[in-house]
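Structure, as C-alpha cells:
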2 protein chains.
Amino acid sequence: MAKRPTSQNVADMAGVSKWTVIRAFTPGASITEESRAKVMAAAGQLNYRPNLLARSLATNLTHQVAILVDDFENPHKLPVLERLTLELQAEGLVPMLVNINERFGHVHALLNAGQRQVDAVILFGTAFRNETLQDARLEGAAPMFVLARDSQIPGVPAISCDATIAIEELCAHLREQGYRRPGFMAGPQTLSTALGRRRSFKTFWVRHGVEHVPELPAKSYSMTSGAEAVRHYLQETSAGDRIDVLMCENDALALGALDVLRSEFGLRVPQDIAVAGFDNIMFADAPAYDLTTYEQPIEDMVKTTIDMILGRRERQTVQLRGRLVVRGSTKRT
Amino acid sequence: MAKRPTSQNVADMAGVSKWTVIRAFTPGASITEESRAKVMAAAGQLNYRPNLLARSLATNLTHQVAILVDDFENPHKLPVLERLTLELQAEGLVPMLVNINERFGHVHALLNAGQRQVDAVILFGTAFRNETLQDARLEGAAPMFVLARDSQIPGVPAISCDATIAIEELCAHLREQGYRRPGFMAGPQTLSTALGRRRSFKTFWVRHGVEHVPELPAKSYSMTSGAEAVRHYLQETSAGDRIDVLMCENDALALGALDVLRSEFGLRVPQDIAVAGFDNIMFADAPAYDLTTYEQPIEDMVKTTIDMILGRRERQTVQLRGRLVVRGSTKRT
DNA sequence: TCCACGCTTGCTACCGGTAGCAAATATGGT
DNA sequence: ACCATATTTGCTACCGGTAGCAAGCGTGGA
C-alpha cells in the first residue's frame with residue numbers, strides 16, 4: 001500500500017516549504033490566497049490530509065474521549081451510546097469504546113487510555129469501587145466523568161438522573177393508583193456506588209406509613225436476573241403476604257420480572273400486581289410489556305458531560321431531571 | 001495538571017540514557033537485569049508509562065480500529081459490539097466507535113479515521129452505496145472490512161452469516177410445520193447491498209411450488225417499521241388471502257409485527273399466523289415473544305474479521321454458518 | 001529615494017517515541 | 001594475559017506535525 005503523502009510531499013509539488021502547506025490547512029493562518037491555491041491544488045492531486053497523530057503529539061491534545069462500558073446486556077446502553085457518539089463527533093471528538101470486564105478492569109483501561117493520551121474518560125454506568133479510581137497509578141491521568149451513575153469520589157464529577165425526584169414522582173403515581181404494598185428489586189449491592197433509587201424508594205413509603213418494604217435482590221442488571229429474582233420471591237412468599245407493586249431498579253429487570261409474573265405464575269399485570277422500571281428502553285413501549293418507567297434525560301446528560309469535558313461548564317456533580325412515563329403496567333383503573 | 005513524565009525524566013532519575021529506559025519497556029530488548037531494575041524503580045516512582053501516540057507516529061501503527069455503525073435502533077448491535085470490543089482488546093487493539101448518520105457520512109468518517117491513522121475500519125452492518133466506498137479521496141486509506149452484511153466491492157472483504165443456508169434451514173422448518181402461504185417483510189431496498197435473505201426466501205418457496213410470495217416493505221429496520229408494515233398489509237388484505245407465516249428480515253421487525261398481530265388484530269401466533277425473524281436478539285427469547293429466529297455466528301464472525309485485520313487469514317469475503325433457533329412462534333403442533 | 005511597518009514565508013527546536021549503527025563493556029577461549 | 005566475540009549502551013536520524021522567531025518582500029509615507 002502506498003504511503004500517505006506528507007506536508008513535505010505537497011510542498012515539493014507546489015514549490016513551497018512544508019510550513020506553508022501546513023498554513024494552508026490551518027484556519028486563520030497567515031498565507032496569501034495565491035499560495036493557498038497552489039497548495040490546495042497539489043494537496044488535491046496527492047490526496048493529502050494532515051496526520052492527526054503527529055498533530056496530537058505536538059499539541060498534547062488528541063480530541064479522543066474514552067467511553068468505559070461494562071454492561072452490554074442492558075439495552076439502555078444503546079441509545080445513550082448513540083447520543084454520546086453523535087454529540088462527541090459534533091464537537092470534533094472521537095469516541096473510544098472500552099469494554100470493561102474481568103479480564104480488562106478499570107485500572108487497566110484507564111492506564112491504557114492514559115497512554116493513548118485521551119483528553120477525557122467517561123465512565124458510562126460502570127460498576128467500580130471508589131478505591132479503584134483512587135489507585136496511585138492513575139495520578140495525573142485524563143480527567144474522568146461518571147455518566148448515569150453516582151460518584152462519591154472528589155474530583156470525579158458525576159452526571160446522572162436525579163433519583164430522588166424520579167422515585168418521588170413514580171411512587172406518587174403508584175400511591176395514587178391505590179398500591180400500598182410496595183416491593184423493590186435491587187441490582188447487585190456489592191458496590192458502594194449503588195444507585196440511590198432504593199434508598200429514595202424506601203424513604204417515600206416509610207414517610208407514607210409503610211414500614212416494611214420487601215427487597216428482591218437480583219444478581220445482575222439483566223432480564224434473566226430479574227426473572228430469577230421474582231421467581232424466587234414468589235416461591236418463598238404466600239399469596240396473602242404478597243406485594244401489590246414491584247419497582248425495579250431498571251427496565252431490564254422489570255421486563256424479566258413481568259415475563260415470569262405472567263407466564264410462570266399466571267398473574268395479571270396490573271390487576272394482581274403492578275410493575276414499574278427505570279430507563280424507558282425501547283421494549284418498555286411494546287404492547288407486550290407496556291411498562292411504566294422513568295426516562296433519563298439522555299440528551300441533557302450527554303450535553304452536560306461534553307460541556308464539562310470541553311471546559312464550558314464547571315466540572316461538578318449534577319443531577320438532572322427526567323420524565324415519568326406512565327403506561328399500562330401500573331394503571332389499575 | 002502535572003505533565004506526564006517521559007522516558008527522559010526516568011532516564012535522568014535512573015542515571016541512564018532514555019534509550020535504556022525504552023528498552024526496559026520493550027519486551028525482548030537487549031538490557032541487563034540490573035539496568036532494567038534501576039529503570040523500573042525510577043519509572044515506578046514517577047509513574048511513567050510509554051506514550052503510545054509517539055510510538056504510533058514512529059511505527060506507523062496505531063493499533064486502533066474504527067467501527068462504523070449507523071443503526072443504533074437495532075438491539076442486535078449491542079451483543080456484537082460487546083464481542084467485537086472484547087476480542088479487539090484481547091489483541092491489543094482499541095476500538096474507535098463512529099456513529100454514521102446524515103450529518104456524518106461514510107466518506108467523512110473514513111477520511112477522519114484515515115487522518116487518525118487507524119489500522120483498519122470495520123463497517124458494521126452499515127448501509128452504504130458501493131460508489132461511496134470507491135470515492136477517489138479514499139485511495140490509500142485504511143483497509144476496510146464489512147461485518148454482518150454483503151459487499152460487492154472488490155478489495156473490501158465481507159464477513160457475514162450465510163443467508164442462503166440460513167433461509168433454507170428456516171424455511172425447511174416452516175414447511176415441515178405445515179405452513180404454505182409465506183410472506184416476507186423486507187427492510188429498505190434502496191441500497192444495492194440489500195441482504196440476500198429475501199432472494200433466498202423466494203427461491204425456496206418457488207422451488208416448492210409457491211409462486212406468489214407477498215412482500216411487506218418496511219421503512220427501516222426497527223420495531224415501529226415492522227409494526228407499520230404488518231398493519232398496512234392486514235388492512236389491505238382480506239382474511240382469506242392472508243399469509244400463514246411471516247418471515248421478517250430481522251428480529252426488530254418481527255417483534256414489532258408480532259405486537260401488532262396480537263394486540264391490534266387479535267390474531268394468535270402461531271395458530272393463525274407464524275412469525276420468524278433473524279438475529280436472535282435478547283427479547284426473542286422472552287416468553288412474551290418466544291420468536292423463532294436464526295442466530296448469526298457472532299463470535300466466529302468477529303474472530304474471522306480480526307484474523308483478517310491482523311493478517312492471520314486471507315482477506316476475502318466469507319459466509320459463516322449460523323444456527324436455527326426454533327421457538328413457539330412457528331410451532332403449530 | 002529611503003526607511004518603517006506589516007504581511008508572508010522559511011527556519012530552528014521540539015513533541016516522545018523507534019530503528020539501526022557505533023562505541024563501550026562484558027564474557028570466554030587459549 | 002590477551003584477543004575475539006557477544007552483549008549492552010548511547011547515539012544520530014527520523015516519524016509528521018506545532019510554536020514562535022527571524023528573514024524576505026511589498027507597500028506607503030516622508
Side-chain angles (χ1 to χ4, degrees), chain A residues 1-40 42-43 46-64 112 114-119 140 142, chain B residues 1-40 42-43 46-64 112 114-119 140 142:
Chain A
M1 195 186 314
K3 217 162 162 302
R4 295 171 59 88
T6 73
S7 55
Q8 187 61 63
N9 301 141
V10 177
D12 293 347
M13 185 169 198
V16 296
S17 72
K18 72 168 195 167
W19 297 277
T20 301
V21 173
I22 301 285
R23 283 192 183 98
F25 281 89
T26 310
S30 164
I31 185 174
T32 56
E33 227 10 88
E34 197 195 335
S35 310
R36 158 168 270 129
K38 266 196 300 186
V39 168
M40 286 313 188
L46 295 176
N47 203 1
Y48 166 81
R49 313 211 106 211
N51 182 332
L52 297 184
L53 218 55
R55 175 177 297 171
S56 293
L57 181 60
T59 57
N60 206 25
L61 265 183
T62 55
H63 300 283
Q64 296 218 152
N112 217 269
Q115 284 192 265
R116 288 218 135 82
Q117 318 291 113
V118 299
D119 294 347
Chain B
M1 192 186 314
K3 215 163 163 305
R4 296 171 57 89
T6 73
S7 55
Q8 188 61 63
N9 301 141
V10 178
D12 293 346
M13 187 170 199
V16 296
S17 72
K18 72 167 193 170
W19 297 278
T20 301
V21 172
I22 300 285
R23 285 192 182 97
F25 281 88
T26 309
S30 164
I31 186 174
T32 57
E33 232 1 275
E34 196 193 336
S35 310
R36 158 167 271 130
K38 267 196 300 187
V39 169
M40 286 312 189
L46 293 176
N47 204 2
Y48 166 81
R49 312 211 106 210
N51 182 331
L52 296 186
L53 219 55
R55 173 178 296 172
S56 294
L57 182 60
T59 58
N60 204 25
L61 266 183
T62 55
H63 299 283
Q64 297 218 147
N112 216 268
Q115 285 193 266
R116 289 217 132 83
Q117 317 291 116
V118 298
D119 294 347

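Heavy atoms only: backbone and side chains are in, while hydrogens, waters and symmetry mates are out. Here is the naming used below: chain letters follow the sequence lines, and residue numbers restart at 1 for every chain.
Side-chain atoms of A:Lys18 stay outside donor-acceptor range of the base of C:dG10, with no qualifying N/O pair under 3.5 Å. Judged by atom type and distance alone, A:Trp19 reaches the base of C:dT12 through a side-chain donor-acceptor pair under 3.5 Å.
Rounded to whole Å, the distance from CD1 on B:Ile31 to C1' on C:dA24 is 16 Å. Between the C1' atom of C:dC15 and the CG atom of B:Leu52 lies a distance of 15 Å, rounded to the nearest Å. Regarding B:Arg36, its CZ atom lies at a distance of 10 Å from the P atom of D:dT9, rounded to whole Å. Taking atom OH of A:Tyr48 as the reference point, atom P of D:dG16 lies 10 Å away to the nearest angstrom. Between the CG atom of A:Asn9 and the P atom of D:dG17 there is a distance of 9 Å, rounded to whole Å. One interatomic measurement links the two molecules: CD of A:Glu34 to P of D:dC25, which rounds to 14 Å at whole-angstrom precision. Atom CG of A:Asn60 is separated from atom C1' of D:dG17 by 14 Å (rounded to the nearest Å). As rounded to whole Å, 13 Å separates atom P of D:dG16 from atom CG of A:Asp12.
At least one donor-acceptor pair under 3.5 Å links the side chain of B:Asn9 to the backbone N or O of B:Thr6. The closest donor-acceptor contact from the side chain of B:Gln64 to the backbone of B:Val118 lies at 3.5 Å or more, if one exists at all.
At a threshold of 4.0 angstrom between heavy atoms, the contacts of A:Ser56 with the nucleic acid are absent.
At least one side-chain heavy atom of A:Asn51 sits under 4.5 Å from a side-chain heavy atom of B:Leu57. Side chains of B:Arg116 and B:Asn112 form a contact here, defined as non-hydrogen atoms less than 4.5 Å apart.
In this model, the phosphate group of C:dG10 is approached by a side-chain N or O of A:Ser17 to a distance below 4.0 Å at OP1 or OP2. An OP1 or OP2 oxygen of D:dC15 is reached within less than 4.0 angstrom by no side-chain nitrogen or oxygen of A:Lys3. Of the side-chain N and O atoms in A:Thr32, one or more sit less than 4.0 angstrom from OP1 or OP2 of C:dT9.
Nearest nucleotide to the B:Thr20 side chain, out of D:dG17, C:dG17, D:dG10: D:dG10. Out of C:dC15, D:dC15, D:dT9, the shortest distance to the side chain of A:Leu57 is found at C:dC15.
A distance of 10.5 Å separates CG in A:Leu52 from CG in B:Leu53, rounded to the nearest 0.5 Å. Atom-to-atom distance recorded for B:Arg23:CZ and B:Ser7:OG is 11.5 Å, nearest 0.5 angstrom. The CZ atom of A:Arg55 sits 6.5 Å away from the OG1 atom of A:Thr26 when rounded to the nearest 0.5 Å.
B:Arg4 and A:Gln117 form a side-chain donor-acceptor contact under 3.5 Å, judged by distance and modelled atom types alone.
Residues from residues 22-30 of chain B lying near DNA chain D, meaning a heavy-atom separation below 4.0 Å, are B:Arg23, B:Ser30 in numerical order.
Positionally, the nearest nucleotide of DNA chain D for B:Thr59 lies more toward the 5' end than for the other of B:Thr59 and A:Thr59. Nucleotides of DNA chain D nearest to B:Ala58 and B:Gly15 differ in position, and the one nearer the 5' end is that of B:Gly15.
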